[in-house]
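The residues of the chain are indexed from 1 along the displayed sequence. Given the structure is predicted, the values throughout are model-derived calculations rather than measurements.
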Amino acid sequence: MTVRLADVIEVLDEAYPPRLAQAWDSVGLVCGDPDDVLGSVTIAVDATADVVEEVPDGGLLLAHHPLLLRGVDTVAASTAKGALVHQLIRSGRSLFTAHTNADSASPGVSDALAQAFGLTVEAVLEPSPAVADLDKWVIFVPRENAEAVRAAVFAAGAGVIGDYSQCSWSVTGTGQFLPGDEASPAIGNVGAVERVTEDRVEVVAPARARRQVLAAMRAAHPYEEPAFDIFALTPPPGDVGLGRIGVLPQPEPLRAFVSRVSAGLPQTSWGVRAAGDPDMPVSRVAVCGGAGDSLLDAAAAAGVQAYVTADLRHHPADEHRRTSDVALIDVAHWASEYPWCEQAAGVLRSTFGAELDVRVCEIRTDPWNVDGGQP
């Protein structure tokens, strides 16, 4: 089996849907040809020069953090990030980013973080707003042309529900119209009311395929002005969003839980610090991989005893401790997201098996590298 970059992108987009990314984010393929044959995937939190050196020529680097995000107006080789882009392209390497879409996906970054501590995930801390990614099409077409219209929209991507394709529903009724003076009716005459036996054909289609489905339907439909409706289908609340709420196998004091967090994550100069009563029993915990002080209010209202995240700032943490008994555990940003790398590797290994070499980069890309407690 030959694995193309496009095949891997398809799997990654299914696991970490781009629609879940924040509006300000930049996710997806940064450089690389989707038609290229891929020999390996290396997974890391950051695309640094040392990490890129570990990616075999012709391989893909799957990074969590975007290399190019804010104010990018050059990728000149004379700039640090531009030099990496040039190095990637010259060696046939590709770069793909799954960032806030991987944060919100299920399973995603916070699921991997919870698993590192032995938590059983029960809920999402801040569920994502429902996003309409499916359309329902209702098409009115003369009965004798209904099959041709179905075939056309199926070929354009409509009619897929799970593992089933060419799915549709129809009912027969009577359509009525009056052609105006400028009309060129396929059926009937100008100035005369026409009644036609029509099928009401219903299909679902991905919202991203709306243009293709519309073009296919118009090409196959006999009417000059087909009658149709498009309804955006909003999914029910699901298990996607930022952060997770999980439970421990049994309660333990906060000091023991902090030790559990430290043991479950790679060591960093930042280490693990906590605020709370060391003897307080902890059984229910909120977690958020990456910077999580924007979710302090959600954690305070979640019925948990502790909240684990990264990049907690002095003032938000101080305000939280003044108004809430929820203990805070602050870890290094990189360390909180590193467990996701193995999760993403599992997604690819389960799909491609031995056909694709998938590895997690062990280089610590945490920018803090000097421990103040060391001589």
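- Residues Tyr16 and Leu62 form no side-chain contact, since every pair of their non-hydrogen atoms from C-beta on lies 4.5 Å or further apart.
- Val141 has its side chain out of reach of Tyr223: every pair of non-hydrogen atoms, C-beta onward, lies at least 4.5 Å apart.
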For this session: Could you give me the CA-CA distance, side-chain angles and deciding distance for Arg200 and Glu198, then say whether salt bridge (charged side-chain N to carboxylate O under 4.0 Å, His left out) is met?
Result: CA-CA 7 Å; Arg200 173 190 171 114; Glu198 294 179 333; over 6 Å; no
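- Within the 3.5 Å criterion, the main-chain N or O of Asp311 finds a donor-acceptor partner in the side chain of Asp330.
- A 4.5 Å side-chain heavy-atom check between Arg150 and Val203 finds every atom pair outside the cut-off.
- Between the side chain of His320 and the backbone N or O of Ala300 there is no donor-acceptor pair closer than 3.5 Å.
- Tracing side-chain contacts under 4.5 Å through hydrophobic residues (I, L, V, M, F, W, Y), one reaches Leu113 starting from Val258; they form part of the same cluster.
- Looking at Gln343, its side chain never comes within 3.5 Å of a backbone N or O of Val109 through a donor-acceptor pair.
- Follow the hydrophobic side-chain contacts under 4.5 Å out from Val247 and you never reach Phe257; the two are in separate clusters.
- In this structure, the separation between CD on Glu319 and CG on Leu296 is 10.5 Å, given to the nearest 0.5 Å.
- Proximity of a side-chain donor or acceptor of His221 to a complementary backbone N or O of Asn145 within less than 3.5 Å is not detected.
- At a threshold of 4.5 Å between side-chain heavy atoms, the hydrophobic network of Ile, Leu, Val, Met, Phe, Trp and Tyr places Ile329 and Trp368 in two separate groups.
- Residues Pro18 and Arg208 fail the side-chain proximity criterion, which asks for heavy atoms closer than 4.5 Å.
- Side chain of Gln305 to main chain of Arg284: a donor-acceptor pair is present (N/O by atom type, distance under 3.5 Å, no hydrogens or angles).
- When all heavy atoms of Ala47 and Leu61 are compared, the pair lying nearest together is CB-CD2, 3.8 Å.
- Checking side-chain atoms of Gln267 against main-chain N and O of Ser262 turns up a donor-acceptor pair under 3.5 Å.
- Around CG of Asp366, the count of heavy atoms belonging to other residues, nucleotides or ligands within 6.0 Å exceeds 12.
- The shortest heavy-atom contact between Ile245 and Ala302 is CD1-CB, 3.7 Å.
- Atom CZ of Arg349 has more than 12 neighbouring heavy atoms from other residues, nucleotides or ligands inside a 6.0 Å radius.
- Nearest heavy-atom pair across Asp293 and Pro316 is OD2-CG, 4.1 Å.
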For this session: Output, in order, the C-alpha distance, side-chain angles, deciding distance and verdict of side-chain contact (heavy atoms from CB on, under 4.5 Å) for Asp35 and Arg4.
Result: CA-CA 6 Å; Asp35 289 329; Arg4 299 177 305 137; 3.2 Å; yes
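- In terms of modelled atom types and a separation under 3.5 Å, the side chain of Asp25 and the main chain of Thr100 share a donor-acceptor contact.
- Formation of a donor-acceptor pair under 3.5 Å by the His86 side chain with backbone atoms of Val75 is found in this model.
- Here the closest non-hydrogen pair linking Leu95 and Leu29 is O-CD1, 3.5 Å.
- Between the side chains of Thr365 and Trp334, at least one donor N or O sits under 3.5 Å from an acceptor N or O.
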For this session: Take Val153 and Val201 through the side-chain contact (heavy atoms from CB on, under 4.5 Å) test and state the conclusion after the steps.
Result: CA-CA 11 Å; Val153 297; Val201 178; over 6 Å; no
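- Connection of Val55 to Leu68 is established within a shared hydrophobic cluster, with ILVMFWY side chains joined at heavy-atom distances below 4.5 Å, either directly or through further cluster members.
- Under a 3.5 Å cut-off, the side chain of Ser350 and the backbone N or O of Gly346 do form a donor-acceptor pair.
- Of all heavy-atom pairs spanning Gly188 and Glu194, the tightest one is CA-OE1, 3.4 Å.
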Exercise. Between Val331 and Val272, is a side-chain contact (heavy atoms from CB on, under 4.5 Å) present by the stated rule, with each step listed?
Worked result: CA-CA 5 Å; Val331 304; Val272 176; 4.0 Å; yes
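- Although no hydrogens or angles enter the test, the distance criterion places no donor-acceptor pair under 3.5 Å between the side chain of Ser94 and the main chain of Gly32.
- Under the 4.5 Å side-chain heavy-atom criterion for Ile, Leu, Val, Met, Phe, Trp and Tyr, Phe117 and Val282 are members of the same hydrophobic cluster.
- Trp270 and Ala332 get closest at one heavy-atom pair: CD1-N, 3.4 Å.
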For this session: Tell me, with the steps shown, if Glu14 and Val347 meet side-chain contact (heavy atoms from CB on, under 4.5 Å).
Result: CA-CA 10 Å; Glu14 182 176 352; Val347 169; over 6 Å; no
